[in-house]
Amino acid sequence: MTPATLRIVVTLCTVAFALTVIFVRLKASSRPVTVKKIVMPPIGMATGALMFVYPPTHIPFWWGLAAFAAGWLFFSYPLIRTTKFEVKGGEVFAQRSPGFAFILLGLLAVRLILHEFIQEYVSIPQTGGLFFLLAFGMITRWRLFMLKEYHLITGKQATPE
């Protein structure tokens, strides 16, 4: 397989994965939110940091910090702005936002564009590490926001069930 073909296949797989995530997120809004459902995605994702055990993924500390900060400060913002909770029948639900799928698609487009630019300067494993840190920063801040909002709407201590 040529590098150009491989790039196309990887991009198409990324788009397919993103569409699956959008579908799953939209279905999740029909089920009640719990503390466990809020905190488990970043905890599960944190295991991905084990990729940095593999030497080809090593990046300078400042690059990693910048990638995490970009996710934390910029990429999480649209998700935070569109996440709202409501109480129905004594349970907390995430309100379905009409713009949520478009925001995720927009984030995907920005990610693909950045990926094309960044991979010109760093190796593929390092690019994967940088985008992992960016996504981890984004999801961590978003989920911390959700946890805070959940705590406010329920008036309970936010502890795992």
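We're numbering straight along the sequence, starting at 1.
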When the ring planes of Y150 and F85 are compared, do they come out parallel, tilted or perpendicular, using 30° and 60° as the limits?
->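 Perpendicular, since the angle between the ring planes exceeds 60°.
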
Between [X] and [Y] (side chain of the first, backbone of the second, donor and acceptor by atom type, cut-off under 3.5 Å), is there such a pair?
X: Q95; Y: T83; answer: no
X: K37; Y: P32; answer: yes
X: K36; Y: V33; answer: no
X: R141; Y: A69; answer: no
X: T47; Y: G44; answer: yes

Hey, what do you get for NZ (K148) to CD1 (I38), rounding to the nearest 0.5 Å?
->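 K148 NZ to I38 CD1: 12.5 Å, rounded to 0.5 Å.
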
Report the distance from atom CG of L144 to atom CD1 of I80, rounding to the nearest 0.5 Å.
->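 Between L144 CG and I80 CD1, I get 9.0 Å after rounding to 0.5 Å.
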
State whether the number of non-hydrogen atoms from other residues, nucleotides or ligands found under 6.0 Å of I124 atom CD1 is greater than 12.
->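 Counting other residues, nucleotides and ligands, CD1 of I124 stays at 12 neighbours or fewer.
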
Heavy-atom closest pair, residues [X] and [Y]:
X: M138; Y: S76; answer: O-CB, 3.5 Å
X: M45; Y: F136; answer: CE-N, 3.4 Å
X: Q126; Y: H58; answer: NE2-O, 2.8 Å
X: L130; Y: G64; answer: CD2-N, 4.3 Å
X: P125; Y: P56; answer: CB-O, 3.6 Å
X: G129; Y: M51; answer: CA-SD, 3.6 Å

Hydrophobic cluster membership, L134 vs V110, 4.5 Å side-chain cutoff |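 Same hydrophobic cluster.
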
Under the side-chain contact (heavy atoms from CB on, under 4.5 Å) test, which residues partner F102, sequence neighbours left out?
->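 With sequence neighbours excluded, F102 shows a side-chain contact (heavy atoms from CB on, under 4.5 Å) to no residue whatsoever.
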
